[in-house]
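Every chain is numbered from 1 and lettered A, B, ... according to where its sequence line falls, protein lines coming before strand lines. This structure is a prediction, so every number in the text was calculated from the model and none was measured.
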Amino acid sequence: MSEETTGTRSNFITDIIDEHLENGRFDHVHTRFPPEPNGYLHIGHAKSICLNFGVAEQYNGLTNLRFDDTNPTKEEVEYVESIKADVKWLGFDWDDRLFYASDYFDPLFDYAIQLIKKGKAFVCDLSAEELREYRGTLTKPGRNSPYRDRSIEENLDLFQRMKAGEFADGSRTLRAKIDMSSPNFNMRDPVMYRILHESHHNTGDEWCIYPMYDYAHALSDSLEHITHSICTLEFEDHRPLYDWFLDQLGVWHSQQIEFARLDLTYTVMSKRKLLQLVKEGYVSGWDDPRMPTISGMRRRGYTPEAIRAFADTIGVSKANSMVDVELLEHVVRDDLNNRARRVMAVLEPLKVIIDNYPEELEEEFEVPYFPWDRDDSPTRMVPFSREIYVERSDFMEDPPKKFYRLSPGTEVRLMNAYYITCTDVIKDDSGNVVELHCTYDPESQGGMSPDGRKVRGTLHWVSARHAVEAECCLYDYLFTKADPYEVEEGGQFTDNVNPDSLTVIPNAKLEPSLRTAQACEPFQFMRQGYFCADYGDSSPEHLVFNRTISLVDTWAKMQKQREG
RNA sequence: UGGGGCAUGGUGCAACGGCAGCACAGCGGACUUUGAAUCCGUUGAUCCAGGUUCGAAUCCUGGUGCCCCGGCCA
């Protein structure tokens, strides 16, 4: 039923929800997307966003955006702004339900008092190192803190004074009183509050004690009456603690559900690692088009629809897996194929002089942007003249078999213009081809000849006199290894950074219509790939285009196979 | 036997006791004013061993492999 209306497949999460709806555990669906504002969102977060918003939509439910901002040492407003922008850009709407865990510091404090009064929490004076020692090991149970049996009154007093700022960072914590012999570390009297004399991006200096994730998250979900709290696999062990807090307090009890995070080949997906790439200058910033961040992908020319289609395609499960980046690329190409205007641009120009074309003559051809829909497509005028540029790789003096492009004596079609035949090859002293001379067939205007003779090769071109120059950035994978973490002894993932991930072409030749391209507006440079003007660096005076992704290149693949 | 989780073509996801299917990748072909797109065809999988059953990817038992957990991070 829900499948037909949204196109979303069912999965183990919708199975759980269906069960809850049937057995009456819940009568509606309310999810949340809870990022910590300590970095920019990446494609892995996009999966989670699509999941949370998608599942809610599927059940006519709601989704909150909540910033999980309980650690002021890592969080910044720059990040909250970028996260809001990214979620919006992806096409999701939290309406007026924008929350911060830090909005709940007061009620969270009150809940902590309640737990103390119930004898379920205590102030502990153990140092961090001592606490680690008391916690035990994987196989050995922990030991009770010597402060575990403080009176409720003393705990209340101490906790208030922690809040009042009487104690130094790290000198005391508030801990839940659970079970130091639990095989699950999260239940060995976990820390609920730590002292941090640190300014918070949202609450400023109002607080010097901050709640820990497990405590804050469970209760934030509860306060917002979230039904299904969807998170990643590593929190599976935390669920008993999540449940414990809510049970002890007897409050609204959300169901935590864990799924496998996204892992992509040739990509790192941890905010810490991405931050390192930014800080150490491997990329120009969080929104560098090579980054797997949502802002990087946006800048590169991916559309929100493509990213959502990708999330849809990969599905969701509990199995750790590594998605092949080619799947992402396929979805991006598929999306762009349907929306990108077709234009002509020459990346590596080779001058062609058409000897029998009149020197002063200029023609303009009206060319549709969507060639498969000639009648209804918008068009633009493309100028033609005696000297044009073609792609250097479209000429070979000594071509192999099945090379359908230009070579001495062969005839090819200039897309939407004329047939030309190469008559002469001009080289410099070192033997490099610098210029081609051709003749054209005036009868073949528009790219068809009246005699119907077949011309196999079709080339894109740009009139030299009218060409607009642009910088073009071509991107390759940021890493040379499918798994960037596969390193030599003592190495680290940055050893696998691809030194050729960015190729800048300083002066590509574009057809003049591209002068007015809008940032992020998708174009297909025919026979090359999808490109868009860079929203940061491009201007009418200095055009900069990013290659979003190349076209599938069967010819290049054949060549490679021949070599290998 | 510390605890928790996961195993289906090369990759990701379905099949919920009844013919193992979809997408990507691969391979072959058609078409083509993009060596793109499109269209058609096609190779290829249930971790292992037992058991229950007329029938098991699915249920049971025992193995094996991989992932997560000893922050006052999230």
Side-chain angles (χ1 to χ4, degrees), chain A residues 9-12 15 34-36 38 68-71 73-75 101 124 126-128 131-133 135-142 169-175 182-188 190-196 209-210 212-214 216-217 231-240 258 260 262 265 271-272 312-331 333-334 337-338 342 344 371-372 402-405 412-417 419 446-448 455-460 482 524-529 550-558:
Chain A
R9 278 199 307 268
S10 70
N11 52 54
F12 81 96
D15 288 348
E36 183 187 15
N38 66 343
D68 217 335
D69 54 352
T70 55
N71 184 356
T73 62
K74 292 188 177 179
E75 296 149 7
C124 181
L126 252 25
S127 70
L131 202 156
R132 193 182 322 125
E133 203 269 313
R135 190 152 27 221
T137 69
L138 290 178
T139 49
K140 269 183 283 185
D169 287 6
S171 60
R172 285 179 224 266
T173 56
L174 182 73
R175 293 222 266 157
S182 170
N184 181 347
F185 277 96
N186 298 300
M187 303 301 272
R188 319 243 265 225
V191 173
M192 293 169 58
Y193 273 89
R194 76 283 216 181
I195 301 172
L196 236 38
I209 58 171
Y210 291 93
M212 298 289 288
Y213 164 84
D214 290 294
H217 202 91
C231 62
T232 42
L233 248 30
E234 67 270 26
F235 293 107
E236 235 157 1
D237 287 345
H238 295 239
R239 191 174 54 218
E258 310 85 9
L262 172 64
T265 57
K271 279 195 263 189
R272 223 187 111 248
D312 233 45
T313 304
I314 57 174
V316 53
S317 75
K318 297 194 69 149
N320 289 112
S321 59
M322 173 95 70
V323 175
D324 196 322
V325 71
E326 283 187 24
L327 184 52
L328 208 213
E329 296 180 327
H330 167 264
V331 169
R333 286 195 182 100
D334 191 50
N337 179 44
N338 292 320
R342 267 56 173 180
M344 292 194 289
W372 62 88
K402 296 200 173 173
F403 183 83
Y404 303 132
R405 308 175 187 183
V412 298
R413 171 168 35 236
L414 295 178
M415 209 176 258
N416 295 301
Y419 291 177
M448 279 301 219
V455 170
R456 180 69 193 259
T458 303
L459 273 46
H460 60 280
Q524 187 194 94
F525 290 4
M526 275 190 289
R527 306 209 305 133
Q528 292 284 355
S550 66
L551 251 31
V552 171
D553 191 345
T554 308
W555 171 249
K557 202 191 297 167
M558 282 165 56

Whole angstroms only, please: what is the CG-C1' distance between A/Asp324 and B/rA23?
12 Å
What distance, rounded to whole Å, do you find between the two C1' atoms, one in B/rC68 and one in B/rG29?
48 Å
Could you please name the option among B/rC73, B/rG2, B/rC68 that lies closest to any side-chain atom of A/Phe185?
B/rG2
Considering only the P atoms, how many Å lie between B/rG10 and B/rG70, rounded to the nearest integer?
34 Å
Watson-Crick or G-U counterpart of B/rA57, or none if no pair lies under 3.5 Å
none
Please give the distance between the P atoms of B/rA56 and B/rA20 as a whole number of Å.
11 Å
When we call it a touch if two heavy atoms are under 4.0 Å apart, what does A/Ala319 touch: a base, just sugar-phosphate, or nothing?
sugar-phosphate
Scan A/Lys140 against the nucleic acid and name what it touches under 4.0 Å (heavy atoms): base, sugar-phosphate only, or nothing.
nothing
Option from A/Glu75, A/Arg272, A/Lys271 for which side chain to side chain donor-acceptor pair (under 3.5 Å) with A/Asn38 holds:
A/Lys271
Using both distances under 3.5 Å as the test, list the Watson-Crick or G-U wobble partner of B/rU42, or none.
B/rG26
Among the nucleotides B/rU34, B/rC13, B/rA37, whichever has the atom closest to the side chain of A/Ser321 is B/rC13
Does B/rG4 sit syn or anti, given that only angles within 90° of 0 count as syn?
anti
Applying the Watson-Crick and G-U wobble criteria at under 3.5 Å, what pairs with B/rG21? Answer none if nothing qualifies.
B/rC13
Side-chain-base donor-acceptor pair under 3.5 Å for A/Asp237 and B/rG3:
yes
Any salt bridge between A/Glu36 and A/Lys74, counting N to O under 4.0 Å?
no
Where the side chain of A/Asn71 is concerned, which of B/rG5, B/rC24, B/rC73 is the nearest nucleotide?
B/rC73
Let's see if you can work this out: which of B/rG71, B/rA23, B/rC16 has an atom nearest to the side-chain heavy atoms of A/Arg132?
B/rG71
Can you see if the side chain of A/Thr70 gets near the phosphate of B/rA74 - specifically, an N or O under 4.0 Å from OP1 or OP2?
yes
A/Met212, nearest nucleotide to its side chain (from B/rU34, B/rA74, B/rG2):
B/rA74
Between the side-chain atoms of A/Gln528 and the base atoms of B/rU34, is any donor-acceptor pair under 3.5 Å?
no
Give A/Asn416 one of three labels, base, sugar-phosphate or nothing, depending on what nucleic acid heavy atoms sit under 4.0 Å from its own.
base
If you look at every strand shown and take non-hydrogen atoms under 4.0 Å, does A/Phe403 touch a base, only sugar-phosphate, or nothing?
base
Give one of base, sugar-phosphate or nothing for A/Arg239, where a contact means two heavy atoms less than 4.0 Å apart.
nothing
May I ask you to say what A/Val316 touches in the nucleic acid, namely base, sugar-phosphate or nothing, with a heavy-atom cut-off under 4.0 Å?
sugar-phosphate
Any idea which heavy atoms bring A/Leu551 and A/Arg333 closest together, and the distance?
C-NE, 4.0 Å
Tell me what A/Arg456 touches on the nucleic acid: a base, only sugar-phosphate, or nothing, going by heavy atoms under 4.0 Å.
base
Describe the nucleic acid contact of A/Gln524 in one word from base, sugar-phosphate, nothing, applying a heavy-atom distance below 4.0 Å.
base
Once you apply a heavy-atom cut-off of 4.0 Å, does A/Thr554 come out as touching a base, just sugar-phosphate, or nothing?
sugar-phosphate
Determine the contact category for A/Arg413: base if any of its heavy atoms lies under 4.0 Å from a base atom, sugar-phosphate if only primed atoms, P, OP1 or OP2 are that close, otherwise nothing.
base
Write down the partner of B/rA74 under the Watson-Crick or G-U wobble criteria, each distance required to be under 3.5 Å.
none
What's A/Leu138 touching, base or sugar-phosphate or nothing? Going by heavy atoms closer than 4.0 Å.
base
Under 4.0 Å, heavy atoms only, any strand: does A/Leu328 hit a base, just the sugar-phosphate, or nothing?
nothing
Tell which nucleotide pairs with B/rG2, taking only Watson-Crick or G-U wobble pairs whose two distances are both under 3.5 angstrom.
B/rC69
Just to be sure I understand the rule, does A/Thr173 reach a base, reach only the sugar-phosphate, or reach nothing, if contact means heavy atoms closer than 4.0 Å?
base
Can you see if the side chain of A/His330 gets near the phosphate of B/rC24 - specifically, an N or O under 4.0 Å from OP1 or OP2?
yes
So, OP1 or OP2 of B/rG4: does either fall under 4.0 Å of a side-chain N or O from A/Lys318?
no
Taking 5.5 Å and 30° as the limits, would you call A/Trp555 and the base of B/rG35 a stacked pair?
yes
Taking the P atom in each of B/rC40 and B/rA57, what is the distance between them to the nearest angstrom?
31 Å
